[in-house]
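See structure below.
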Amino acid sequence: SEKLLEMGCYEVSLGDTIGAGTPGEIQTLRTGYPACVTIRQAGPALPRYLRQAIANIYVGLESGIRVFDSSVAGLGGCPYAKGASGNVATEDLIYMLHGSGFDTGIDLHKVLETGI
């Protein structure tokens with residue numbers, strides 16, 4: 001991570017390709033980040049295969065992570081990883097963030113319209 005940042009990377013992103021991570025693992029992973037990776041540079045991409053993405057993101061929020069990947073209507077996935085059927089839905093993420101008191105500046109209704 002340190003070498004990537006020295007080369008000019010502005011963010012180090014860790015992903016859970018098949019969405020099998022658990023909140024406990026996310027918490028452990030966060031404490032294992034090297035000091036050179038700031039909290040805002042850590043952005044787990046958490047697919048929805050086992051429906052753990054929102055729970056994992058919440059744990060990440062509690063750990064200070066503020067960058068997360070999502071896609072409208074949960075579209076996406078990985079053709080190389082069996083079971084990676086999609087990503088966490090942006091609308092689910094926004095709903096959880098707003099319900100937790102975060103001001104995202106995003107209009108949830110417009111996102112919902114986009115996914116229809």
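Residue numbers run from 1 in the order of the sequence given. Side chains included, hydrogens not; waters and symmetry mates left out as well; all remaining heavy atoms used.
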Pairwise distance NE2(His109) to OG1(Thr114) - rounded to 0.5 angstrom: 12.5 Å
Linked, directly or transitively: Tyr95 and Val88 (ILVMFWY side chains, under 4.5 Å): no
Distance in Å, Leu93 CG paired with Ile57 CD1, rounded so as to fall on 0.5 Å steps: 4.5 Å
Heavy-atom pair of closest approach, residues Ser70 and Thr90: OG-OG1, 2.7 Å
CD on Glu25 to CD on Gln52, rounded to 0.5 Å: 9.5 Å
Approximate separation, where rounding is to 0.5 Å, of Ser100 OG and Glu62 CD: 9.0 Å
Any Leu61 side-chain heavy atom under 4.5 Å of Leu97 side chain: yes
Ser71 to Asn87 - nearest heavy-atom pair and separation: OG-CB, 3.4 Å
Shared hydrophobic cluster, Ile65 / Ile54 (ILVMFWY, side-chain heavy atoms < 4.5 Å): yes
Nearest heavy atoms of Gly115 and Ala73, plus distance in Å: O-CB, 4.1 Å
Asp103 CG: over 12 foreign heavy atoms closer than 6.0 Å: no
Heavy-atom side-chain proximity of Ile94 to His98 below 4.5 angstrom: yes
Ile106 side chain reached by Val111 side chain, heavy atoms, under 4.5 Å: yes
